[in-house]
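This report refers to the structure that appears directly beneath it.
Because the structure is a prediction, the values reported are computed rather than measured. Excluded from the calculations below are hydrogen atoms, water molecules and symmetry mates; all remaining heavy atoms, backbone and side chain alike, are included.
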Amino acid sequence: MGSPRWQVAGRAFAHIARFHPEITAFRRDLHAHPELGFEEVYTAARVQESLRACGVDEIHTGIGKTGVVGVIRGRSTASRRMIGLRADMDALPMCEDNGFAWRSAKKGLMHGCGHDGHTAMLVGAARYLAETRNFDGTAILIFQPGEEGFAGARVMIEDGLFDRFPVQSVFAMHNWPGMPAGTVGLNSGAMMAAADRITIEVTGRGGHGAHAYQTVDPVLVSAHIITAVQSIVSRNVRPIDAAVISICAVQAGDLGAMSVVPGKATLVGTVRTFCDKVQRQVEQRLAEMCGAVASGFGATAAVRFERIYPATINTATEALFAGDVAQGLVGARHVERNMEPSMGAEDFSFMLQKKPGAYLRIGQGIKDGAYLHNSRYDFNDEILPLGAAMHAGLVEQGMPLKASAAPKENAKAGVMQ
């Protein structure tokens with residue numbers, strides 16, 4: 001797959017590296033056939049086909065509409081433990097500007113966030129785990145639809161995911177172009193922010209732009225609201241806490257009517273926070289401030305605050321464990337255990353609200369400045385065996401076989417190609 005890049009230790013990586021070309025081909029096929037949330041029919045079928053070929057014990061479909069769950073039992077199940085591993089499958093409604101052979105075959109759809117790679121890594125882990133079964137318990141492989149704004153994790157949970165598969169812990173990984181390939185990052189608390197949608201409806205009184213004194217101009221009111229709400233973060237939220245308020249769209253009037261003051265204006269934006277207390281504080285202050293500003297101009301403002309995704313909060317014990325697994329693969333200096341959280345959001349948060357677990361970032365490096373959601377982005381296939389080995393390590397070390405049943409460790413460090 002290319003020239004040697006970095007050292008990775010362990011039997012799992014060495015085993016998975018042998019079928020690296022096959023995982024890559026699978027990933028590129030998914031990239032060429034992107035599908036939006038709850039429309040992942042082709043993707044789910046390819047996952048099922050691959051899991052059958054791997055020899056997993058059970059394949060469950062239709063959980064959360066297009067979700068797929070694979071079940072692999074270890075050499076022993078005496079521990080009665082279950083560990084869940086999750087990969088997201090959906091793509092984005094965006095055009096791709098790449099020219100390679102596996103570019104999107106669907107106009108206006110693209111795997112611009114690497115979910116094709118996440119799915120391929122979990123399929124790679126499935127093959128290894130099914131072929132070796134060096135663990136005591138049951139691995140639950142969760143192929144989730146609709147992460148990109150559809151709350152697919154919540155839908156799978158509502159569809160009985162954890163009732164049918166009562167895992168003791170659950171883990172997920174996301175590629176991160178801002179980190180060098182061959183590295184892993186996480187922390188023991190907030191990894192991603194809560195994402196909330198705000199809609200502010202400003203109602204004034206329309207009229208002639210030449211006689212504005214006879215109107216209550218909602219555009220003017222909106223401008224003051226946009227400025228005023230920024231003071232919530234700077235003057236109401238403690239400096240040691242974190243919050244973002246972004247007004248991202250404003251709609252008012254008609255661009256073809258230069259002299260008509262409209263009667264209404266709508267503002268749409270997002271709020272990002274890490275804890276419930278700050279989230280509630282921002283919600284309350286938005287309502288108070290928008291209403292007060294509008295009232296000062298003789299207008300009214302109604303604020304709708306919609307909770308979309310909760311914050312993604314790792315549990316300390318599982319984060320420590322996952323960091324240890326990563327360290328065993330790539331070494332301590334390539335694992336960032338106190339990673340700065342992102343103000344982005346992730347619906348794996350719904351799973352972490354139900355089960356202990358951890359969300360990790362796996363570095364993939366950056367090429368041509370193409371970060372996530374960029375039209376030139378592509379998943380780095382070199383990290384596929386490392387991600388698969390990380391999944392496998394979470395299972396093997398989280399549900400270890402007794403010494404008498406475990407195979408002897410004789411694999412030398414592998415070389416990531």
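The closest donor-acceptor contact from the side chain of Asp90 to the backbone of Pro145 lies at 3.5 Å or more, if one exists at all. Remark: side-chain polar atoms of Gln251 are not paired, donor with acceptor, to backbone N or O of Leu267 under 3.5 angstrom. A donor-acceptor contact shorter than 3.5 Å is absent between the side chain of Glu39 and the backbone of Glu35. In this structure, Lys354 contributes its side chain and Phe162 its backbone to no donor-acceptor pair below 3.5 Å. Between the side chain of Tyr309 and the backbone N or O of Glu147 there is at least one donor-acceptor pair closer than 3.5 Å. Within the 3.5 Å criterion, the main-chain N or O of Pro310 finds a donor-acceptor partner in the side chain of Ser349. A donor-acceptor pair under 3.5 Å is absent between the side-chain atoms of Thr138 and the main chain of Arg73, judged by distance alone. Side chain of Thr119 to main chain of His115: a donor-acceptor pair is present (N/O by atom type, distance under 3.5 Å, no hydrogens or angles). In this structure a side-chain-to-backbone donor-acceptor pair under 3.5 Å is present from Asp136 to Ala78. Using modelled atom types, no side-chain atom of Thr315 and backbone atom of Thr317 make a donor-acceptor pair closer than 3.5 Å.
Defined by atom type and a distance below 3.5 Å, a donor-acceptor pair is present between the side-chain atoms of Thr66 and Glu40. Using modelled atom types and a 3.5 Å distance limit, the side chains of Gln397 and Asp324 yield no donor-acceptor pair. Judged by distance alone, the side chains of Arg52 and Ser50 never bring a donor and an acceptor atom under 3.5 Å apart. Residues Glu288 and Gln284 bring a donor and an acceptor atom of their side chains to less than 3.5 Å of each other. Residues Asn98 and Arg103 have side chains that never bring a donor and an acceptor to within less than 3.5 angstrom of each other. Counted by atom type alone, Asn134 and Arg75 present one or more donor-acceptor pairs between their side chains at under 3.5 Å. In the model, Asn236 has no side-chain atom that pairs as donor or acceptor with a side-chain atom of Gln281 under 3.5 Å.
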Could you give me the CA-CA distance, side-chain angles and deciding distance for Glu336 and Asn187, then say whether side chain to side chain donor-acceptor pair (under 3.5 Å) is met? CA-CA 8 Å; Glu336 174 54 72; Asn187 64 40; over 6 Å; no
Verdict with supporting geometry, Asp381 and Arg28, salt bridge (Lys or Arg N to Asp or Glu O under 4.0 Å): CA-CA 9 Å; Asp381 291 318; Arg28 292 180 178 181; 2.8 Å; yes
Salt bridge (Lys or Arg N to Asp or Glu O under 4.0 Å) evaluation trace for Arg27 with Asp29: CA-CA 5 Å; Arg27 199 285 297 179; Asp29 178 61; over 6 Å; no
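A cation-pi arrangement is absent between Arg46 and Phe26, since the terminal nitrogen or guanidinium carbon is not both under 6.0 Å from the aromatic centre and inside a 45° cone about the axis.
Rounded to the nearest 0.5 angstrom, Leu186 CG and Phe171 CZ are separated by 10.0 Å. Taking CD of Glu318 as the start and CD of Gln168 as the end, the distance is 10.5 Å to the nearest 0.5 Å. One finds the CZ atom of Phe348 at 9.0 Å from the CG atom of Leu360 (value rounded to the nearest 0.5 Å). The CG atom of Asp347 sits 12.0 Å away from atom CD1 of Ile308, with the distance rounded to the nearest 0.5 Å. Distance check: Glu148 CD to Met89 CE gives 13.0 Å after rounding to the nearest 0.5 Å. Rounded to the nearest 0.5 angstrom, Ser79 OG and Lys402 NZ are separated by 10.0 Å.
Applying the 6.0 Å contact sphere to NZ of Lys65 captures no more than 12 heavy atoms from other residues, nucleotides or ligands. Counted within 6.0 Å of CZ on Arg307, heavy atoms from surrounding residues, nucleotides or ligands total more than 12; the atom is thus considered enclosed. Counting non-hydrogen atoms of neighbouring residues, nucleotides and ligands closer than 6.0 angstrom, the CD atom of Glu131 exceeds 12 such neighbours. More than 12 heavy atoms of other residues, nucleotides or ligands sit less than 6.0 Å from atom NZ of Lys106.
Between Arg285 and Arg235 there is no side-chain heavy-atom pair separated by less than 4.5 Å.
Applying the side chain to side chain contact (heavy atoms under 4.5 Å, CB included) test between Val237 and each of Thr273, Val282, Val244 identifies Val282 as the sole match. For the side chain to side chain donor-acceptor pair (under 3.5 Å) criterion with Tyr128, the lone passing option out of His391, Arg18, Glu396 is Glu396.
The aromatic ring centroids of Tyr371 and Tyr377 lie 6.0 Å or more from each other. Two rings, from Phe379 and His31, have their centers 6.0 Å or more apart.
In this structure, Trp102 and Phe100 have parallel ring planes: the angle between them is below the 30° cut-off, well short of the 60° mark. Using a 30° and 60° split on the angle between ring planes, His118 and His174 fall in the perpendicular class, above 60°. Classification of the Phe165-His60 ring pair by plane angle, with boundaries at 30° and 60°, yields perpendicular.
The two residues Val69 and Met156 have their closest heavy-atom pair at CG2-CE, 4.0 Å. For Val303 against Leu286, the heavy-atom pair with the smallest separation is CG2-O, 4.0 Å.
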